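On a predicted model such as this, the values are computed, not experimentally measured, just so you know. FYI, the numbering just counts along the sequence from 1.
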Amino acid sequence: MDRNQLRPVERVVLRMRDEGLSNDDIARRIRRSPQHVERIVAWTTWPRSGAKVHGKGLSPLERRVLTLRAEGVDHEELAVRFRRSATHMRRVEGMAHLRLGYGLISG
């Protein structure tokens, strides 16, 4: 399990468990119930859905922008749809292409 893919609270809880703290102590420190701490620990064992599993490392926004751009939608229309500037949409598209390029190189 790569702890870098975990949420911050999950990393903190696991670190405290590694240090030997009980669920009650951890719960007090993070202001949650001991049952919640147990759930957090259980969540860390579940496979993550997300960009690495689906879409070759792209975020949902990047996937959608690339799909719409392939359909011929221009940056100005994307800006209206996503309530961002056209410049921002160009950056999102550029980052998506960059991530895909890195994926080709590394994998």
Would Leu21 and Arg29 count as a side chain to side chain contact (heavy atoms under 4.5 Å, CB included) here? Give the steps.
CA-CA 10 Å; Leu21 293 174; Arg29 289 184 182 197; 3.5 Å; yes

Side chains of Arg32 and Val9 in contact at under 4.5 Å (non-hydrogen atoms)
no

For Arg11, does the CZ atom sit with more than 12 other heavy atoms under 6.0 Å from it, leaving out its own atoms?
yes

Keeping the roles fixed (side chain from Arg63, backbone from Leu58), state whether a donor-acceptor pair exists under 3.5 Å.
yes

So CD of Glu10 and CG of Leu14: to nearest 0.5 Å the spacing works out to 7.5 Å

Could you pull out the closest heavy-atom pair between Asp24 and Pro34, with the gap in Å?
OD1-CG, 3.0 Å

Leu66 side chain near Leu100 side chain, heavy-atom distance below 4.5 Å
yes

Heavy-atom donor-acceptor pair, Arg69 side chain to Val73 backbone, under 3.5 Å
yes

Exercise answer: donor-acceptor pairs, residues 79-92 side-chain atoms, under 3.5 Å, sequence neighbours excluded:
residue, atom, partner, partner atom, Å
Arg81, NE, Glu77, OE2, 3.3
Ser85, OG, His88, N, 3.0
Arg90, NH2, Glu76, OE2, 3.3

Decide yes or no on salt bridge (Lys or Arg N to Asp or Glu O under 4.0 Å) for Asp25 and Arg28, but give the supporting numbers first.
CA-CA 5 Å; Asp25 292 334; Arg28 258 192 307 280; 2.5 Å; yes

Around atom CZ of Arg17, are there more than 12 heavy atoms of other residues, nucleotides or ligands at under 6.0 Å?
no

Is Ile30 linked to Trp43 within one hydrophobic cluster, defined over Ile, Leu, Val, Met, Phe, Trp and Tyr using a side-chain heavy-atom separation of less than 4.5 Å?
yes

Rounded to the nearest 0.5 Å, what separates atom CD1 in Ile26 from atom OG in Ser33?
12.0 Å

Separation between CZ (Arg99) and OG (Ser59), nearest 0.5 Å, reads 6.5 Å

If you measure from CG on Asn23 to CZ on Arg39, what distance do you get to the nearest 0.5 Å?
11.5 Å

